[in-house]
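These notes are about the structure you will find just below.
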Amino acid sequence: MEELLEKLDTYRKEILGTEPDGADAAETYRIRFLGTKGIVKNLFQEIKNVPAEKKKEFGQILNEFKQLAESKYETLKDTANRQPSTANDKDWSLPGDPIPVGTRHPISLVRNRIIQIFGRLGFSVAEGPEIEDDWHNFTSLNLPEDHPARDMQDTFYVNRNPDWLLRTHTSNVQARVMEKQKPPIRIICPGRVYRNETTSARAHNFFNQCEGLYVDENVSFADLKQTLYFFVQEMFGKTVKIRFRPSYFPFTEPSAEMDITCLICGGSGCNVCKHTGWVEILGSGMVHPKVLQNFNIDPNKYTGFAFGMGMERICQLKYRVNDLRLYSQNDLRFLRQFVSAT
Ligand code: DAH
């Protein structure tokens, strides 16, 4: 009996000292202690050699020992199950390997934001063709053939048909909408435009604009100013200031260009604002009566304002992008920087 108790003590220490070590080790442990020829079974067989008066006491000790051995096995097994699977031992319920997700292009971020801001003012999105005819891109917008203002925009013409061209501005969508829809009209038109320019950090032969058009009774220049001021504050924050400079566009009269305080240097002067503290972001004006007439809209009844902004410029000021070429190079090092931008 003494001898048996000593043996039990040794086994107890062994059990308490056993650390989890994977599924195989747990199984080895089970066979050693709980198997059909295992230690627990053997010890129970010893009962017959124990003196009758000690049998009950020994039986109890053995039962406790068995419980200890079994509960240790449960622990070893559970811990092994929670370990990562190996190639041979796959757990199909584990989460998959993460798939890398792309990021939004900065121009898309800006476009979405523009749509959101003007959407709150009741502007909806309109689209038009990138391959356009002369009438919608130029003539209907008061830019007749041989008009010197056509030189403001170097145009790509389509060889097969000299009446076709790649639109030089999103103003063609104004024409397309006024042709089909009667006032009230309140639209913005984001899209890609093309000009025959040599590519550099500051010029590109394609870029993105967003046009705006509002035609209704009693639309005034004050409405234009307030709308654009609201837009700028929503886009860049409440501290940004705006200023209008008289300008010329054939499709508006009067016309104005709008500047905002330079966000790169905060107004103290830098390359982007050419040391003036102001950056031009758009052209605008009151829709020319001739343009309204071209689409059978009575200029004595209706007035309207229009504007056109370059989205790359907005992006440059918002995210400090200093080279236009970056937008179309698809360099992941550039694009990934916008992963958490909004
Ligand atoms: N189309 C002009 C450009 O590409 C921008 C513009 C100016 C659009 C004035 C307008 C406007 O609608 O009213 O430079």
Side-chain angles (χ1 to χ4, degrees), residues 114 118 121 123 125-130 132 134-144 147-156 165-179 183 185-197 202-216 219-229 231-232 242-260 279-292 294-295 297 299 302-314 324:
I114 292 174
F118 281 102
L121 295 175
F123 285 76
V125 176
E127 286 183 325
E130 290 182 16
E132 190 51 287
D134 184 280
W135 168 253
H136 294 96
N137 193 83
F138 288 131
T139 309
S140 68
L141 297 171
N142 201 27
L143 270 147
H147 192 292
R150 284 201 184 194
D151 294 344
M152 284 161 72
Q153 304 173 355
D154 288 318
T155 310
F156 283 121
L165 47 90
L166 299 184
R167 69 175 175 195
T168 57
H169 52 188
T170 43
S171 305
N172 73 319
V173 189
Q174 282 193 32
R176 294 258 163 206
V177 170
M178 283 193 278
E179 189 174 63
I185 294 169
R186 212 184 298 170
I187 48 149
I188 52 165
C189 334
R192 191 178 266 195
V193 301
Y194 303 82
R195 294 198 195 168
N196 192 355
E197 307 217 21
R202 292 163 162 270
H204 209 295
N205 47 27
F206 62 83
F207 52 98
N208 292 270
Q209 284 191 336
C210 184
E211 192 80 8
L213 176 70
Y214 179 23
V215 184
D216 201 352
V219 176
S220 69
F221 201 89
D223 295 323
L224 164 68
K225 273 173 136 175
Q226 202 51 44
T227 303
L228 293 177
Y229 190 39
F231 162 71
V232 163
I242 58 170
R243 76 175 184 190
F244 284 85
R245 281 176 294 102
S247 184
Y248 171 76
F249 298 101
F251 26 87
T252 45
E253 183 58 39
S255 304
E257 279 169 319
M258 190 177 89
D259 300 343
I260 64 170
V279 191
E280 183 208 319
I281 63 161
L282 55 83
S284 64
M286 301 306 293
V287 181
H288 198 293
K290 272 199 192 157
V291 175
L292 294 175
N294 281 339
F295 297 103
I297 295 173
Y302 295 106
T303 49
F305 68 70
F307 58 88
M309 68 179 108
M311 295 212 267
E312 279 79 358
R313 173 54 64 81
I314 307 284
L324 275 177

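Counting convention: from 1, in listed order, for ligands and their atoms alike.
Note that the CG atom of Leu165 and the CD atom of Glu130 stand 12.0 Å from one another [nearest 0.5 Å]. Taken from OH in Tyr302 to CG in Asp216, the straight-line distance is 7.0 Å, to the nearest 0.5 Å.
Heavy-atom contacts of Ser171 reach the following atoms of ligand 1: 1 (N), 8 (C) (cutoff under 4.0 Å). The Phe249 neighbourhood of ligand 1 comprises atoms 7 (C), 9 (C), with distances under 4.0 Å to a heavy atom of that residue. Close approach of ligand 1 to Gln209 (heavy-atom distance below 4.0 Å) involves ligand atoms 3 (C), 4 (O). Residue-ligand proximity, Gln174 to ligand 1, at heavy-atom distances under 4.0 Å covers atoms 12 (O). Taking every non-hydrogen atom of Thr252 and a distance limit under 4.0 Å, the qualifying atoms of ligand 1 come out as 13 (O).
Evaluation of the side-chain hydrogen bond (donor to acceptor under 3.5 Å, both in side chains) rule for Asp223 yields Ser220 as partners, not counting sequence neighbours. Listed by chain and number, the residues in a salt bridge (charged side-chain N to carboxylate O under 4.0 Å, His left out) with Arg176 are Glu132, Asp133 (sequence neighbours excluded).
Taking the side chain as every heavy atom from C-beta outward, Ile188 and Phe307 approach each other to under 4.5 Å.
Closest to atom 7 (C) of ligand 1 by heavy atom, among Gly283, Ser255, Ala256, is Gly283.
Using cut-offs of 30° and 60° on the angle between ring planes, the pair Phe123 and Phe305 is tilted.
The parts of Ala306 lying near ligand 1 are both backbone and side chain, judged by heavy-atom distances below 4.0 Å. Residue Arg195 touches ligand 1 through its side chain alone, judged by heavy-atom distances below 4.0 Å. Contacts of Phe251 with ligand 1, taken as heavy-atom pairs under 4.0 Å, involve the side chain alone.
Considering both main-chain and side-chain atoms, Ser284 never comes within under 3.5 Å of ligand 1 through any nitrogen or oxygen pair. Polar contact with ligand 1: absent for Thr168 (N/O pair, distance under 3.5 Å).
Checked by atom type, the side-chain pair Glu312/His204 shows no donor-acceptor distance below 3.5 Å.
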Could you walk me through whether Phe249 and His169 pass the ring pair (Phe, Tyr, Trp, His ring centres under 6.0 Å) test, one step at a time? CA-CA 12 Å; Phe249 298 101; His169 52 188; 9.4 Å; no
